[in-house]
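By convention here, the first residue in the shown sequence is residue 1. Counting starts at 1 for both ligands and their atoms, following the listed order. What you are looking at is a predicted structure, and each value in this text was computed from that prediction instead of being measured.
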Amino acid sequence: MIKKTLKIFWEAVRPQWWLWLIAISGQMLFFIGVNVLQPVLISRFVGELSDVAGKTLSDFSNIIWLWVGLHILQTAVGRVGLYCWFFAASKTLMRIDLKSFQVILSQSSNFFSNNFTGSLVTRFNRFTRSFDILQKAVMFDLNSLFVQLVFPFAILLFIAPIIAFTFLVWSVVFAFSLFYLHKRKMKYSRRVAEFDSKVTGTIADVITNALPVKMFAQFSSEYSSFKILGKQRVKARLKNMMLTDWIRLYKVAFITVLEVVVFLFSAHFAIEGTISVEQVLLIQIYVIQIIRSLWDFGKLMDNLEEAVSDAHEMAEIYDLTPSIQDPVDPIPFGTVNGNIKINNITFSYEDENETVVFKNLTLDIPQGQKVGFVGPSGGGKTTLTKLLLRFMDVNNGSINIDEINISDVKQDDLRSQIAYVPQEPMLFHRSIFENIRYGNPEASKEEVFRAAKLAHADEFIKKLSSGYETLVGERGVKLSGGQKQRVAIARAMLKKSPIIILDEATSALDSKSEKHITAALDNLMRNRTTIVVAHRLSTIKKLDRIIVLKNGQIVEDGSHETLLKKQGDYHELWSHQHGDFLDE
Ligand code: ADP
Ligand code: MG
């Protein structure tokens, strides 16, 4: 998965790889100026100072000019790198966002019923953040470490090869050992984090339940269990602090060893006369620099590892093939007549229980017919509507519209022919106007208002403080169930499609408004193939045909009158509802 993640990141970097190259190189040159050349100048300066006999200030002008020149140059080059980085980084982050957006939205409906919105948003954000952490580390931390390791090594190679190798080997060993120690310690810092959240959780839980605690006189027992938790947390914290300190001690010891070795070598070569004081100073500066940079190396690697593993969950989604795919060679699907033929379909949900919903179901709905579906909940009514919209594919058999198998056409083409009001209408956190117009983005203002009126939404919308401009809150939480349904119906009314599917579209309405809407729907349904799933039989009584669906089987099929005469399931449902809803 790490490889997968890095590959996705690389795809986002690639369109601007040259900008990234300039950015990283510019920053590298800046680091070379600061961490490699500046120390050279400083040690030269001290070298000049070590023998001042007969010198005047002007003898130092060269070195001062060099210093000024170096600063101007490194700053200029560094800026160029930084500006390129600003662009490269922000644009790459945007590309990652866009790609993730596309990847998530291309998933099929079962993906969204199996994943919580919240966790998807978190994955989405973490993925982008991961890249952000990674790119900053490459641009700055790793870049500067590289410069501080490779260039000093090359320079020291000329001055004193033994010291150069000591420097290199020590740095590498130090880095790896810090990485290892940090990994070992991780278990303990995790424990501390776990206890932290346990304590927070307990506090929240007990405070929310403050009243029951008092009611049942449980303060002392709550207090003592909280105290036990507190003690465990102290233990975990102490262990973690101790370990942190041990690692610190290890670092100091390791550094001391390096210093002693470098001191000894320096003194030895100075006595031999092979290196000067000036060079000893240069070695010291390099050594101190690398120590400072490596001090937190363990933490840096930790962060990088965490970032990459955080990205993992989103990278997994990148790897998914959406279960519903457009055909390679889609059949053109213009405006259809609306003949629906369900041929011998079998369908089961792919979850743990493998719920079989339909087994060899066959059904013909001729163009323009209006069919009501009733039956006990769980019978498969919603599933059938979703199959018609190809939110899922049938396992066997086929669904044809105008003799064309719906899996042979593009999903967008298919869905453009169907106006659908789902059982739980969902609205964007946008204005009501925009939500209605979603059904047909080309609709004029008047058409939107007309649809709202027909759906009896206009009456409540006008009462809202900002009318049609009112924002509905995430998923429409600010509207009542019935209001949401009316907005969803208005939205479907705007969409002029030959097939209409209403899945309990009026279930949250009172019988009176339902009656009004049913009248409006009559208008909408004219000349269109319509499927109405309803709980209240009064809603569908007038339709051409009523189908009773029970356990995925059609148990009765006919008009209201015929079914009543049959004295079967429909008759039973009807007599149950008779008193409640029959208002004639
Ligand atoms: P209805 O709309 O008639 O009440 P549904 O079509 O919603 O019935 O459900 C039919 C069966 O399929 C039920 O047993 C239900 O538990 C199951 N089911 C519905 N949706 C899913 C899903 N997303 N995953 C798994 N099983 C489901
Ligand atoms: Mg349903």
Side-chain angles (χ1 to χ4, degrees), residues 104-105 107-120 317 320 322-324 340 342 344-363 365 371-397 399 406 411 415 418-426 475 481-482 484-485 488-489 492 499-509 514 521 530-540 543 545-557 563 568-570 572-574 576-577 581:
I104 291 185
L105 281 189
Q107 297 300 323
S108 329
S109 80
N110 65 336
F111 172 84
F112 295 99
S113 35
N114 295 332
N115 289 285
F116 292 113
T117 314
S119 88
L120 286 177
I317 301 178
L320 290 178
S323 54
I324 306 293
I340 301 173
I342 295 171
N344 209 11
I345 59 163
T346 301
F347 174 79
S348 50
Y349 282 105
E350 287 164 11
D351 56 359
E352 310 84 55
N353 337 323
E354 295 266 329
T355 324
V356 180
V357 186
F358 298 117
K359 225 170 170 181
N360 306 336
L361 180 84
T362 298
L363 176 65
I365 302 175
V371 189
F373 278 86
V374 290
S377 108
K381 302 178 297 291
T382 298
T383 308
L384 190 68
T385 61
K386 288 188 173 162
L387 287 173
L388 282 171
L389 285 150
R390 205 172 165 233
F391 284 150
M392 293 119 27
D393 269 332
V394 291
N395 305 106
N396 258 313
I399 296 177
I406 59 167
Q411 297 168 67
R415 291 172 199 152
I418 303 174
Y420 172 55
V421 182
Q423 198 162 359
E424 281 141 23
M426 284 187 270
R475 283 169 163 249
K484 268 192 278 187
Q485 285 192 331
I489 291 170
I499 300 172
I500 302 170
I501 299 177
L502 307 169
D503 189 358
E504 311 224 357
T506 50
S507 59
L509 296 174
E514 189 181 26
L521 286 175
T530 310
I531 290 174
V532 182
V533 177
H535 207 64
R536 286 185 203 139
L537 304 183
S538 52
T539 327
I540 54 165
L543 301 182
R545 179 180 178 192
I546 291 164
I547 290 173
V548 182
L549 202 60
K550 212 167 152 184
N551 297 324
Q553 306 274 342
I554 296 175
V555 293
E556 284 178 13
D557 181 351
L563 293 191
D569 288 86
Y570 184 77
E572 201 185 320
L573 284 171
W574 181 257
H576 271 295
Q577 290 198 359
F581 298 107

Of F347, F373, Y349, F391, the one whose closest heavy atom lies nearest atom 12 (O) of ligand 1 is Y349

Is the side chain of R545 donor-acceptor paired with the backbone N or O of G372 at a distance under 3.5 Å, no angle test?
no

Are any side-chain N or O atoms of S113 and backbone N or O atoms of S109, one a donor and one an acceptor, separated by less than 3.5 Å?
yes

So the atoms of ligand 1 within less than 4.0 Å of a heavy atom of T383 turn out to be 5 (P), 6 (O), 9 (O), 10 (C)

- request: Tell me, yes or no, whether the heavy-atom count around Q423 atom CD, taken from other residues, nucleotides or ligands under 6.0 Å, exceeds 12.
  value: yes

Q: Compute the shortest N/O to N/O distance between G380 and ligand 1 and return yes if it is under 3.5 Å, no if not.
A: yes

- When you look at CG of N395, are more than 12 heavy atoms from neighbouring residues, nucleotides or ligands closer to it than 6.0 Å? yes

- For atom 14 (O) of ligand 1, state whether the nearest protein heavy atom is under 4.0 Å away. yes

Next item on the list: Kindly say whether E504 contributes a backbone atom to a donor-acceptor pair with the side chain of Q485 at under 3.5 angstrom?
Entry: yes

Closer than 4.0 angstrom, basic N to acidic O: yes or no for K381 and D503?
no

*asked:* Assess, by modelled atom type and distance only, whether the side chains of S108 and S323 contain a donor and an acceptor separated by less than 3.5 Å.
replied: yes

The protein heavy atom nearest to atom 25 (C) of ligand 1 is D351 OD2, 3.1 Å

Atom 10 (C) of ligand 1: closest protein heavy atom, distance to 0.1 Å, is G378 O, 3.4 Å

Suppose we only count N/O/S atoms under 2.8 Å; would S377 qualify as near the Mg ion (ligand 2)? no

If you scan protein heavy atoms around atom 2 (O) of ligand 1, the nearest is T382 OG1, 2.7 Å

Check your understanding: Looking at atom 19 (C) of ligand 1, would you say a protein heavy atom lies below 4.0 Å from it?
Key -> yes

Please answer whether the main-chain N or O of E514 pairs with a side-chain N or O of T506 as donor and acceptor at a distance below 3.5 Å.
no

One finds that the ligand 1 atoms under 4.0 Å from a non-hydrogen atom of S377 are 4 (O)

protein heavy-atom neighbour closest to atom 16 (O) of ligand 1 works out as T355 CG2, 4.9 Å

Can you tell me if T383 has an N, O or S atom under 2.8 Å away from the Mg ion (ligand 2)? no

Q: Evaluate the ring planes of F347 and Y349, with Trp represented by its six-membered ring, and classify them as parallel (under 30°), tilted (30 to 60°) or perpendicular (over 60°).
A: perpendicular

Note: OG1(T382)-the Mg ion (ligand 2)-OE1(Q423) angle, rounded to 10 degrees, equals 80°

